[in-house]
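Letters A, B, ... are given to chains in the order of the sequence lines, protein chains preceding strands, and every chain is numbered from 1.
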Amino acid sequence: MKNIAIPIFVGILFGIGLTISGMTNPSKVIGFLNIFGKWDPSLIFVMGGAILISLPTFLILQKKISYPFFNKEDGFQKISFKNIDSSLLIGSGLFGIGWGMVGFCPGPSIASLSMLNENALIFFVSMSLGMLIKKLLN
Amino acid sequence: MNIINFTPIESFTGGVFIGLAVAVLFLLRGNFAGISGIYYNLITFKKSGFLWRLFFIIGLIIGPIILKLFNYQDLGFEIPHTNILLIIIGGLLVGYGTQLGSGCTSGHGICGIGRLSFRSIAATFTFILTGIITVLLLRFLGFINL
């Protein structure tokens with residue numbers, strides 16, 4: 001249940017959401033970032049719809065139950081970071097530059113693999129390499 | 001202001017699906033659905049939790065295929081340019097940047113903001129800002145025509 005059924009169900013739900021919302025279309029993402037030109041505000045509605053569900057989940061529901069339904073042994077994942085530091089800002093800044101260059105972030109890039117589009121695959125391989133470079137530099 | 005291709009209903013509906021995915025994973029299994037972190041831990045073979053990460057990523061790939069099987073008309077797919085160098089550099093920056101900054105659009109933008117984390121709000125503000133500047137520059141340099 002906790003290692004196969006739940007994650008595959010959640011992954012499918014996430015992939016369907018990314019596709020319906022238009023996040024898997026790089027043109028729409030770049031259209032959202034193009035606020036000084038012809039602007040496509042749709043992405044605000046993606047984040048709005050998602051946060052509408054995630055916010056009460058973390059702020060209300062989590063407090064009503066003491067452990068995740070199918071994972072009492074591990075409990076809720078905890079976040080160890082607290083402060084806004086230079087790694088957070090520089091990393092996010094670099095991510096935003098790459099995001100603006102192509103219009104893909106990690107989720108949509110993975111969810112688009114089944115398109116077998118050459119440029120999308122090149123992006124996916126480069127993104128994976130970028131992550132491995134970070135691992136090697138650690 | 002000049003607004004184009006605006007799809008509030010589809011985008012909101014998709015957003016709700018994403019939010020539900022985040023909620024289900026957290027309430028049933030206790031994990032944050034930050035995709036860059038899940039994928040990074042998978043490809044660097046982090047031992048604990050390998051199996052659930054693998055099946056999450058498989059599900060992420062299957063989701064759009066299921067929509068296609070039902071002949072769902074999605075909002076299309078197009079990269080506004082075909083410059084291979086931009087695509088490679090963009091990919092490297094997304095991969096490296098999300099790991100240095102500990103998260104992407106899902107981890108910071110949806111999970112983090114959902115927790116009202118100041119770190120994630122700062123991160124989201126930063127990547128949207130540099131994204132906007134990048135698109136402005138690409139337009140100015142003639143790489144994209146929007």
Side-chain angles (χ1 to χ4, degrees), chain A residues 3-4 6-8 10-17 19-22 25-27 33-34 37-38 40 42 45-46 49-50 53-55 57-58 68-71 76-77 84 88 91-102 105-107 110-111 113-114 122-123 126-127 130-131 134-135, chain B residues 2 4-5 7-8 11-12 14-19 21-23 25 28-31 35-36 40 44 51-52 55-56 59-61 63-65 74-76 78-79 86-88 90-101 104-105 110 114-115 122-123 126-127 130-132 134-135 146:
Chain A
N3 281 335
I4 298 176
I6 295 170
I8 202 162
V10 168
I12 289 172
L13 210 57
F14 212 121
I16 288 177
T19 308
I20 294 178
S21 67
N25 184 350
S27 280
L33 296 171
N34 190 26
K38 292 172 188 154
D40 176 0
S42 308
F45 284 72
V46 184
I53 310 282
S54 71
L55 195 115
T57 300
F58 295 129
F69 206 73
F70 288 99
N71 197 5
F76 289 115
Q77 188 180 343
I84 295 173
L88 177 85
S92 299
L94 293 175
F95 161 46
I97 294 172
W99 195 38
M101 286 170 84
V102 190
C105 49
I110 297 169
L113 283 176
S114 64
I122 293 172
F123 179 89
S126 310
M127 177 184 84
M131 290 183 177
K134 173 67 175 62
K135 170 87 174 174
Chain B
N2 208 340
I4 55 155
N5 300 333
T7 55
S11 292
F12 182 80
V16 169
F17 270 85
I18 295 169
V22 167
L25 184 64
L28 299 190
R29 210 191 179 286
N31 308 100
I35 296 181
S36 59
Y40 173 83
T44 54
L51 204 60
W52 83 263
F55 279 100
F56 175 85
L60 195 57
I61 299 169
I65 298 176
D74 63 27
L75 297 174
E78 190 202 352
I79 303 176
L86 277 186
I87 292 171
I88 292 174
L92 290 170
L93 286 173
V94 168
Y96 184 84
T98 51
Q99 293 320 305
L100 184 64
C104 58
T105 338
I110 294 162
R115 293 167 38 241
T126 306
F127 62 67
T130 57
I132 287 171
T134 304
V135 169
L146 288 169

Run the numbers on B/T105 and A/F95 for side-chain contact (heavy atoms from CB on, under 4.5 Å), then give the verdict.
-> CA-CA 10 Å; B/T105 338; A/F95 161 46; 3.6 Å; yes
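- Taking both residues in full, the closest heavy atoms of A/K135 and B/Y40 are given as CD-OH, 3.2 Å, listed atom of the first, atom of the second, then distance.
- Interface residue A/L113: only side-chain heavy atoms are found under 4.5 Å from chain B.
- A distance of 7.0 Å separates CG of B/N31 from CG of A/N71, quoted to the nearest 0.5 Å.
- Comparing A/I16, A/T19, A/I122, A/I20 by heavy-atom pairs within less than 4.5 Å of chain B, the highest count is held by A/I20.
- Taking chain B as the reference chain and counting heavy-atom pairs below 4.5 Å, the highest number among A/L55, A/I53, A/N25 is found for A/N25.
- Counting heavy atoms from C-beta on, the side chains of B/L25 and A/F14 never come closer than 4.5 Å.
- Going from atom OG1 of B/T7 over to atom CZ of A/F45 covers 9.5 Å, rounded to the nearest 0.5 Å.
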With side-chain contact (heavy atoms from CB on, under 4.5 Å) as the test, would you mind laying out the steps for A/K38 and B/L146 before giving the verdict?
-> CA-CA 6 Å; A/K38 292 172 188 154; B/L146 288 169; 5.6 Å; no
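- The residue among B/A122, B/G76, B/G91, B/G97 with the most heavy atom pairs within less than 4.5 Å of chain A is B/G91.
- Nearest heavy atoms, B/R29 versus A/P68: C-CB, 3.6 Å.
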For side-chain contact (heavy atoms from CB on, under 4.5 Å), just list the numbers for A/F123 and B/I79, CA-CA rounded to whole Å, side-chain angles, deciding distance to a tenth of an Å, and then say yes or no.
-> CA-CA 11 Å; A/F123 179 89; B/I79 303 176; 6.0 Å; no
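- Taking CD1 from A/I12 and CG from B/L60, the interatomic distance works out to 10.0 Å, rounded to the nearest 0.5 Å.
- Here OG of A/S27 is found 8.0 Å from CG of B/N5. Values are rounded to the nearest 0.5 Å.
- Looking at A/W99 and B/T134, their side chains never come closer than 4.5 Å, going by heavy atoms from C-beta outward.
- Both the backbone and the side chain of B/T130 come within contact range of chain A, each with at least one heavy atom under 4.5 Å from a heavy atom of that chain.
- In this structure, CD1 on B/I61 lies 7.0 Å from CD1 on A/I110, to the nearest 0.5 angstrom.
- Heavy-atom distances place the side chain of A/I6, and not its backbone, under 4.5 Å from chain B.
- Between chain B and the residues A/G96, A/A111, A/G98, the most heavy-atom pairs under 4.5 angstrom are made by A/G96.
- When A/P7, A/S54, A/C105 are compared by the number of non-hydrogen pairs under 4.5 Å with chain B, A/P7 comes out ahead.
- B/V94 approaches A/P106 most closely through the heavy-atom pair CG1-CD, 3.8 Å.
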Check the pair A/N3 / B/F55 against side-chain contact (heavy atoms from CB on, under 4.5 Å), numbers first and verdict last.
-> CA-CA 8 Å; A/N3 281 335; B/F55 279 100; over 6 Å; no
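- The minimum heavy-atom distance linking A/K134 with B/L100 is given by the pair CE-CA, 3.6 Å.
- Annotation: maximal heavy-atom pairing with chain B below 4.5 Å, among A/S126, A/G15, A/G22, A/G93, occurs at A/S126.
- Between chain B and the residues A/L88, A/I8, A/T57, the largest count of heavy-atom pairs under 4.5 Å involves A/L88.
- Using a distance-only test at 3.5 Å, with no hydrogens or angles considered, no donor-acceptor pair links the side chain of A/S42 to the main chain of B/P8.
- Here the CE atom belonging to A/M127 is positioned 13.0 Å from the CG atom belonging to B/L93, to the nearest 0.5 angstrom.
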